[in-house]
2 protein chains.
Amino acid sequence: MSLTIFDIAKEAGVSTTTISRVLAGSSKVKNSTREKVLRVIEKHHYEPSEVARNLTARKTNTIGLIIDEISNPFFVDIASAVEEILQTRNFMLMLSSSQWKEEREFSIVRNMIRQRVEGLLIAPINPDSPAVDFLDKRNIPFVLLNSYSTKFSADCVTTDNIAGGYLAGSHLVKQDIEQLLLITGYTHQSIDDRVEGFYAAVSEAKNRSLSVSRYENINTYKDGYSLATILMVRNSISTKKSGIFVTNDNVAMGLLDGLLEQRVQVPETVQLVGYDNIDFAARYKIPLTTVSQSRNEMGKIAALELLAKIENHGKEQRVLKLPPKLIIRQSTRGENP
Amino acid sequence: MSLTIFDIAKEAGVSTTTISRVLAGSSKVKNSTREKVLRVIEKHHYEPSEVARNLTARKTNTIGLIIDEISNPFFVDIASAVEEILQTRNFMLMLSSSQWKEEREFSIVRNMIRQRVEGLLIAPINPDSPAVDFLDKRNIPFVLLNSYSTKFSADCVTTDNIAGGYLAGSHLVKQDIEQLLLITGYTHQSIDDRVEGFYAAVSEAKNRSLSVSRYENINTYKDGYSLATILMVRNSISTKKSGIFVTNDNVAMGLLDGLLEQRVQVPETVQLVGYDNIDFAARYKIPLTTVSQSRNEMGKIAALELLAKIENHGKEQRVLKLPPKLIIRQSTRGENP
DNA sequence: TTGAAAGCGATACCAA
DNA sequence: TTGGTATCGCTTTCAA
């Protein structure tokens, strides 16, 4: 295996303490000694073991990031921002994905605790999942991403999804439409909040009474695509002016493609609002009106928050809900404010 | 801090050895003892330190993944596949990005070696970068992603980019065109290979002599977009039938949008081939003909390869260049074979 | 300016 | 079936 500090000490004819001092850049080493030691170190490309160091120091300079799936575009921006911050602070990043399975999420958390990560950034499947409960029980600093807990006093950084749903809803009710449709996917706190905000906007539009039909469990691009024909039959959307809120851009694009395929006029007959403002939303066939979250900022803030908690143990709880923004494009007819 | 095996031993009234045995699931522990120990462990939510374990075991069950940038879509599929494999083998993933800076890449490699990762998956900025040289000097198992070394005997998993460029080139020369354009971005081995393959296809088309104009350093969607007007002036692409190979889908989409903006007919006048087959290529305004790489498979194979090297030290070198595939869509006029 | 020895939190070997 | 002790590779006193 690789050399140890002991080997280097022997070859340099000094004690391990001296090697350690040189490694630490201590000034209390005679110059000639230091140079002799450095020569030996370089000769063998010796790199000290952080494993051993971590054991002595009782810290690892590592944090864990747990997300649902790596291919979730949401994750990419978060992770990117997080990693950028960590590099400036000399922290390492341990990454794992829960694949939407609570047992897996839980086991990852336990694993990371065993690895003695100094803190955890987690986008939980559910803010009351056993994993979060476990973290809460232990004294590990952690920050929730894209969720907030009503049960634990957990720090979190997320978007104000109620406000986001409200933005989508109030934009649509202002349009010239006869009915509203709400399309949702996987159950998740963030989605529930969007729905809540959406309904709040609808019920505030007192001047008119609009029906809302909801379709649940529409999760993928393909699901969205297939939904188009169903909506034509069940909601006559090819003739009845409709406003549709899809709680996820990817699905919204599927629905949009389905609608275009069926020659439904967008935005003349159907107006569509998505959620996320993913990269391609702006350049899609019909650019998509959507609600934008600043994911990069979320990642940055969460990472900084976590590092602050790690350093400064007594930090109070912070719940941060960043304001979303409505981006009006050609899939609806409103003007950008 | 958290409890140690010693604390548990004391409270359970046994030795640390016994705790260790219970932890390891050893059968050589009396049932009543085991239960007593487990009770104490659960009571305190004790989790053994992998840091200490790693020190004794001289292995960390961790591998490192180094990529250029996390927001590179290429990375997402790779990382996703890698992580999936690692979970089945109980390995942890340490992730870091080089941001296209060789010094940063080098320092990440050193850091990961200090962390004693058992192996490294690296998409090097350059296969002859100091980082790869360093890895080669040491006895760390590593696998190159999206690159291959001509200098070291390094394992690698990549696409056969020469073949990919050739596919694009030979598809274009078969079309009814009067000139060829080649658009490239950042310098990278994989790009050079695509260019080489492209030119090989052109020179093989002996029956006709087609000029090739090359534009370099076109890196982003925006660069591609702006290039459209330049090509109109310098290469009369609005009237002269042209075949364009862009070595990257994202840039190709920029160029496509620029062309459409200028009312250039695609594919009637200009035919466009991209590279990567990113998700949106199939659903773009004009679906993009492109060369597809199986990134998911690359990640899987590379991870398995690395794990094999870790376990079975004497493994011989393997250079794997996966075959790319031409996906013909509406941005060119050819038929799908 | 240097070194000896204890300790970090586990495991492994050898005895009992 | 259990426990004592050395050990992993480093840092940190404390003395010299």
Side-chain angles (χ1 to χ4, degrees), chain A residues 1-38 40-41 44-62 110-118 138-139, chain B residues 1-38 40-41 44-62 110-118 138-139:
Chain A
M1 267 313 282
S2 53
L3 294 181
T4 73
I5 199 172
F6 193 79
D7 302 315
I8 303 296
K10 203 161 72 178
E11 179 159 342
V14 296
S15 73
T16 60
T17 311
T18 299
I19 309 293
S20 181
R21 286 197 182 101
V22 171
L23 252 22
S26 155
S27 53
K28 305 192 169 311
V29 179
K30 209 203 292 175
N31 258 327
S32 62
T33 312
R34 181 197 317 286
E35 275 158 28
K36 188 173 52 182
V37 168
L38 285 176
V40 178
I41 287 181
H44 297 290
H45 305 288
Y46 166 71
E47 298 287 346
S49 160
E50 288 296 334
V51 176
R53 280 185 161 170
N54 292 340
L55 187 59
T56 329
R58 264 159 298 176
K59 54 199 274 311
T60 56
N61 271 250
T62 300
R110 285 191 27 164
N111 254 315
M112 292 209 170
I113 287 177
R114 286 174 173 217
Q115 302 288 341
R116 296 296 188 263
V117 297
E118 293 187 46
R138 305 186 57 99
N139 214 11
Chain B
M1 267 310 285
S2 51
L3 294 181
T4 72
I5 199 173
F6 192 80
D7 302 316
I8 303 297
K10 204 161 72 179
E11 179 159 342
V14 295
S15 73
T16 59
T17 309
T18 299
I19 308 294
S20 182
R21 288 198 182 100
V22 171
L23 253 22
S26 156
S27 53
K28 305 192 165 313
V29 179
K30 208 203 294 174
N31 259 327
S32 63
T33 313
R34 181 200 316 289
E35 274 158 29
K36 186 172 55 180
V37 169
L38 284 177
V40 178
I41 287 179
H44 296 290
H45 304 287
Y46 165 73
E47 298 289 344
S49 161
E50 287 297 332
V51 176
R53 282 185 161 169
N54 292 341
L55 187 60
T56 354
R58 263 160 298 176
K59 53 199 275 312
T60 56
N61 272 250
T62 300
R110 285 189 29 162
N111 256 315
M112 291 208 170
I113 287 177
R114 288 176 172 215
Q115 303 288 340
R116 296 294 187 264
V117 297
E118 293 186 47
R138 304 187 58 100
N139 214 11

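Here is the naming used below: chain letters follow the sequence lines, and residue numbers restart at 1 for every chain.
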Out of C:dG3, D:dT11, D:dT2, whichever nucleotide has its closest atom nearest the side chain of B:Thr18: D:dT2
When all nucleic acid strands are considered with a 4.0 Å heavy-atom cut-off, which category describes B:Val51: base, sugar-phosphate, or nothing? nothing
Does B:Tyr46 put a side-chain nitrogen or oxygen below 4.0 Å from OP1 or OP2 of C:dG9? no
Protein-nucleotide distance (A:Arg21, atom CZ; D:dG9, atom P), rounded to Å: 21 Å
List the atom of A:Val29, the atom of A:Thr33, and the distance in Å for their closest heavy-atom pair. CG1-CB, 3.9 Å
Is B:Ile113 close to B:Arg110 at the side-chain level, that is, under 4.5 Å between some pair of heavy atoms? no
Identify which nucleotide among D:dC10, C:dA10, C:dA4 has an atom closest to any side-chain atom of A:Thr56, counting heavy atoms from C-beta outward. D:dC10
Atom-to-atom span, CD1 of A:Ile113 to P of C:dG9 - whole angstrom: 16 Å
In whole angstroms, how far is the C1' atom of D:dC10 from the CD1 atom of A:Ile5? 6 Å
Checking C:dT2, D:dC8, C:dA10 against the side chain of B:Arg58 (C-beta onward), the nearest is D:dC8
Taking the side chain as every heavy atom from C-beta outward, state whether B:Asn61 and B:Arg53 have any atom pair closer than 4.5 Å. no
Using the side-chain heavy atoms of A:Ser15, tell me which of these nucleotides is nearest: C:dA10, D:dT5, C:dG3. C:dG3
Taking atom P of C:dA12 as reference, at what distance in whole Å does atom CG of B:Asn54 sit? 13 Å
Round to a whole Å and report the spacing from CG of A:Asp7 to C1' of D:dC10. 13 Å
Is the shortest side-chain N/O distance from A:Ser20 to OP1 or OP2 of D:dC10 below 4.0 Å? no
Nearest of C:dA10, C:dG9, D:dT2 to any side-chain atom of B:Arg53? C:dA10
For B:Thr4, report the nucleic acid contact type (base, sugar-phosphate, nothing); a contact means any heavy atom under 4.0 Å. sugar-phosphate
Side chains of A:Ser2 and A:Glu47, heavy atoms from C-beta outward: is any pair under 4.5 Å? no
Per atom distances to the B:Thr17 side chain, the nearest of C:dG9, C:dA5, C:dA12 is C:dA12
Distance check needed: D:dG3 C1' versus B:Lys10 NZ, whole Å only. 17 Å
Here's a test of your reading of the structure: between A:Thr16 and A:Thr33, which maps to the more 5' nucleotide of DNA chain C? A:Thr33
Taking every non-hydrogen atom, the tightest pair across B:Ser20 and B:Ile5: N-CD1, 3.9 Å
I want to confirm an ordering. Mapping B:Asn31 and B:Ala52 to their closest nucleotides on DNA chain D, which one lands closer to the 5' end? B:Asn31
Could one point to a donor on the side chain of B:Arg116 or the base of D:dG9 with an acceptor on the other under 3.5 Å away? no
Answer with base, sugar-phosphate or nothing: what part of the nucleic acid does B:Lys28 contact at a heavy-atom distance below 4.0 Å? base
Heavy-atom pair with the smallest gap, counting every atom of A:Ala9 and A:Ser15: CB-C, 3.8 Å
Protein-nucleotide distance (B:Leu55, atom CG; C:dA10, atom P), rounded to Å: 12 Å
